[in-house]
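Taking it in order: structure first as C-alpha cells, then the write-up.
So that the names make sense, note that chain A is the first sequence line, chain B the second, and so on, each numbered from 1.
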Number of protein chains: 2
Amino acid sequence: MGMSNRPVTVDDVAKHAGVSTGTVSRVINNAPHVSGKARAAVERAIDQLGYVPNKTAQSLAGQRRGSVVLAISSDDPGLFANLFFAQVVTGVNAVVEETDLELQLVLAASDRGRARLSRIFRARAADGVMLLALKENDPLSALAESSGVPVVHGGRSLDSEPRYYVDADNRGGAREAVEYLISSGRRRIATITGGQDQHVGVARYLGYREAVVLAGLDDSRVAHADFSEAGGAAAMTSLLDRSPDLDAVFVASDAMAAGALSVLAARGIAVPSDVAVVGFNDIVTAQHTTPALTTVRQPIDALGREMTRMLLRLIDGDTPTSLILPTSLVVRESA
Amino acid sequence: MGMSNRPVTVDDVAKHAGVSTGTVSRVINNAPHVSGKARAAVERAIDQLGYVPNKTAQSLAGQRRGSVVLAISSDDPGLFANLFFAQVVTGVNAVVEETDLELQLVLAASDRGRARLSRIFRARAADGVMLLALKENDPLSALAESSGVPVVHGGRSLDSEPRYYVDADNRGGAREAVEYLISSGRRRIATITGGQDQHVGVARYLGYREAVVLAGLDDSRVAHADFSEAGGAAAMTSLLDRSPDLDAVFVASDAMAAGALSVLAARGIAVPSDVAVVGFNDIVTAQHTTPALTTVRQPIDALGREMTRMLLRLIDGDTPTSLILPTSLVVRESA
DNA sequence: TACAGTTTTGGAAGCGCTTCCAATTTTGGC
DNA sequence: GCCAAAATTGGAAGCGCTTCCAAAACTGTA
C-alpha cells in the first residue's frame, strides 16, 4: 500500500496492464476508442497499484488549470460580511464539488491578495474566477476582462454592468417590503438608505421609491446613511425630527434597522404599532432585536451556487445570461 | 500588452535577454550564481514581455505542489460554525498570503468532500493540509498520517491526540470562568456541559470541576447537554429542579447559555442577582442576549494563523510543537 | 603569463501527463 | 475468405519549468 517512495505513474500502470501510456490516459479520462479488454486491464492495474493521477501533470499536459478561484474583496470585517462569506463559500463549494475542479480562495481585500489575483489573471492561472464584492471601479475588473479568463461577478457595480453576474433582486426586494407596509395600512413611509455610491444602496432606494410612487404616496421621507448601525440611528433621528408623523420606515440593512430601533425605543415610539420597521439582509441578530425584525432575505447560498454554475458554463464555452435572484420577505414582529 | 495568444515562456525571456533558460530560472527563483549583468538583462526582459511564470509547470518540475489545503469537516450549519469558519479562514489566509502558496478549500462534511481529501492525501496533491473539526475517530486522520503529507489539526479529538495540533485552552478557559464566579462570591455553582463525546465538551467540564474542587465547593450540580440552545434550556430546567439553591451556572457554550437564560427568565429568576451565568465562545449574539452574556472568548483567527505557521514549519522540515491558545473572559452583564 | 580555484553559464534531461499520428487490429459486407 | 473502412493501439512529441552537469569565463596568485 503506497509504501514505496516513488509514486505510481501512468508508466507503471501501463507496464502492469500490458498496454501503452496512451491507453492508460484514455481510460483515466474515459475517452472513447478503448476496448473493453484494455479498459478492464487498466482498471485492474490502477486498483492493484493504488494509482492516483498527478493533477499537476494533467494540468500541464492538458492545457487546463484544474481550478477555479473564489475571490472576495470585501474588507468589511463585520458580522454580515462573515456570514455572507461563509454562506457563499458553502454554495460555491456545493457546485464545485460535483466537478473535479479545485476551489482556490483568494481574499482580495489586502494588497497582497489583490496582487495574487492580478497574477492569476495575467498568468491565466485558473480556469475561471468568481469575483465577489469588488469595489466600484476596481482596476481588477478591467484586468479580469482583458485577461481572457472567464469571470463571473457576484453583485453589480454602479459604474458598469459586468458581462456576467449574479445578483440578488435588491430593488424587487425593497419594493416588496414597502408594498407589504402599504398593504398593512401604512401611508407615511420613510426610508433609510445605504451608501448611494454602491449599487445595492441605490437599488434598494429605487425599490422603495417605485412602490411608494406607484401607490401615490409621498416619497420625500428619505435619510441617507451608510449601512452601519450608527448611521441608521442617526438617520432615524433625523427622519423623526423632519417627519414626526411617519408611520413606517423601510431600512436598507438590518444593521441600520437595529440602530433605528434603538432610537425609536429611546423616544418611546412603539414598534410596530406606532411605526413599522422593515430591514434588509436577514442577518442572525434580526431575530434577536426587540421586537424581532421583519426583513428581506437574500438567497446567499444560491448566489454562490449560481455563480459557480454560470462560471462552469462559461468555461465550457457557453454564453450564459446574468441572473437576478429573488429575495423573500421574512415577516416577524416589527412590521 | 499580452495581446499575443501564446503566453510568454521562459524560452521567450531567455531569447530576449540573450541568456539560457537555466539562467532565467535562477533569476526567477533568485537562486545564487547569477551575475548582476545577467540578472538585470533577465529582469528587463521579464518586464518588457510581461512574463509571469506558469505555476503548474513550476510545480511539476520542482516536485512541489505549491498549495496547502484547509479542510473543514464540520457539518454543523449553525451560526457558530459559520462564523468560526470565516474567522479561521481569515487567519489562515493572512499567513498563507505571505508565502507564494495557494490556498485550497475543501469542505469535507460531504462524502464528495471527503473523497476529495482522500485523493489529495493519496496523490500527495498538496504540500500540506490543515484539518479542522474532524469527527472523533475519523478514518481520514489515519489516511492523513500514512500519506506522509504534513498535517496540522485544529482542535483535538478524544480518542487520540494528533501529532501536530493547535487548540484553544478549553479547560483553562472554563476554569477561569468558574474562578471568576467564585471570586465574585458564588458558592453553589452548577454547569451545563456540551457533548461528552467530544474533546471540547470534556475539557470544559474538566475545567469546571478543577476550579470548583480546588475551591472546596460542591461539584455535583451537573447537567449534560449537547451544545444546542434547546439542550441548554432542558439542562437548565433539570438543574433548577434538582438544585433550586444554585447561585451560578457555567454553560459550555453560548447557544446553550441562551437557552438557559430563557428558562431563567421564564421562572422569574434574576440574572445575575439570583443566578450568574457564564457562557463559552463569545458568539455575536452573546452581546444581544438579555442580559448580555459574560463568556469565554476563543482566539479563532489566531487559531487559523498558528495552524498555518505550524504547517509551514512542517513543510520546511522543522518539528514544531503543538500549541494551546489562551482564551479570555469577556465580562458583560450576566455574571 | 600561466594555472588552479571559483563563479557563472548553457543546455539537456527530466517532472507525469495528454494528444497526435501512424501503425495495427478488428469489423462487416460480399 | 478478401478488402476497405472503422476502431483500437503504441509511441513519441510536447506542456513550461527546474536542475544537474559539464563547459566557459572569470579570479587571484605565483
Would you say the side chain of A/N93 lies within less than 4.5 Å of the side chain of B/L105, judging by non-hydrogen atoms?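 No, their side chains stay 4.5 Å or more apart.
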[N] [atom2] sits how many Å from [X] [atom1], rounded?
X	N	atom1	atom2	answer
A/R64	C/dT18	CZ	P	7 Å
A/N54	C/dT18	CG	C1'	13 Å
B/Q58	D/dC15	CD	P	17 Å
B/K55	C/dC15	NZ	C1'	18 Å

Is B/T21 touching bases, backbone alone, or none of the nucleic acid, heavy atoms closer than 4.0 Å?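 Counting heavy atoms under 4.0 Å across all strands, the contact made by B/T21 includes a base.
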Please round to the nearest 0.5 Å and tell me the distance separating atom [atom1] of [X] and atom [atom2] of [Y].
X	Y	atom1	atom2	result
A/D127	A/L314	CG	CG	11.5 Å
A/H153	A/M307	NE2	CE	8.5 Å
A/F84	A/Q298	CZ	CD	6.5 Å

From [options], pick the nucleotide closest to the side chain of [X]?
X	options	answer
B/S20	D/dC17, C/dC17, C/dG10	C/dG10
A/L60	D/dG16, C/dC15, C/dA12	D/dG16
A/V19	D/dG10, C/dG10, C/dC15	D/dG10

What I want to check is whether the side chains of B/R65 and A/T56 have a donor and an acceptor closer together than 3.5 Å.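 Present: a donor and an acceptor within the cut-off.
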Residues A/R122 and A/S118: side-chain donor-acceptor under 3.5 angstrom: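 Yes.
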N/O (side chain, A/R6) to phosphate O (OP1/OP2, C/dG14) under 4.0 Å: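 Checking A/R6 against C/dG14: no side-chain N or O falls below 4.0 Å of OP1 or OP2.
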Is the distance from OP1 or OP2 of D/dC15 to the nearest side-chain N or O of A/Q63 less than 4.0 Å?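 Answer no for this pair, as no side-chain N or O of A/Q63 is under 4.0 Å from OP1 or OP2.
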Could you check which residues of residues 23-44 of chain A get a heavy atom under 4.0 Å from DNA chain C? Sort them by number, please.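 When residues 23-44 of chain A is checked for heavy atoms under 4.0 Å from DNA chain C, the hits, listed by number, are A/S25, A/R26, A/N29.
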Looking at A/R116 and B/D100, is there a salt bridge between them, counting it only when a charged N and a carboxylate O are closer than 4.0 Å?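 Salt bridge flag = no for A/R116 with B/D100.
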Residue closer to the 5' end of DNA chain C, A/D11 versus B/G18 (nearest nucleotide):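 Its nearest nucleotide lies further toward 5', so the answer is B/G18.
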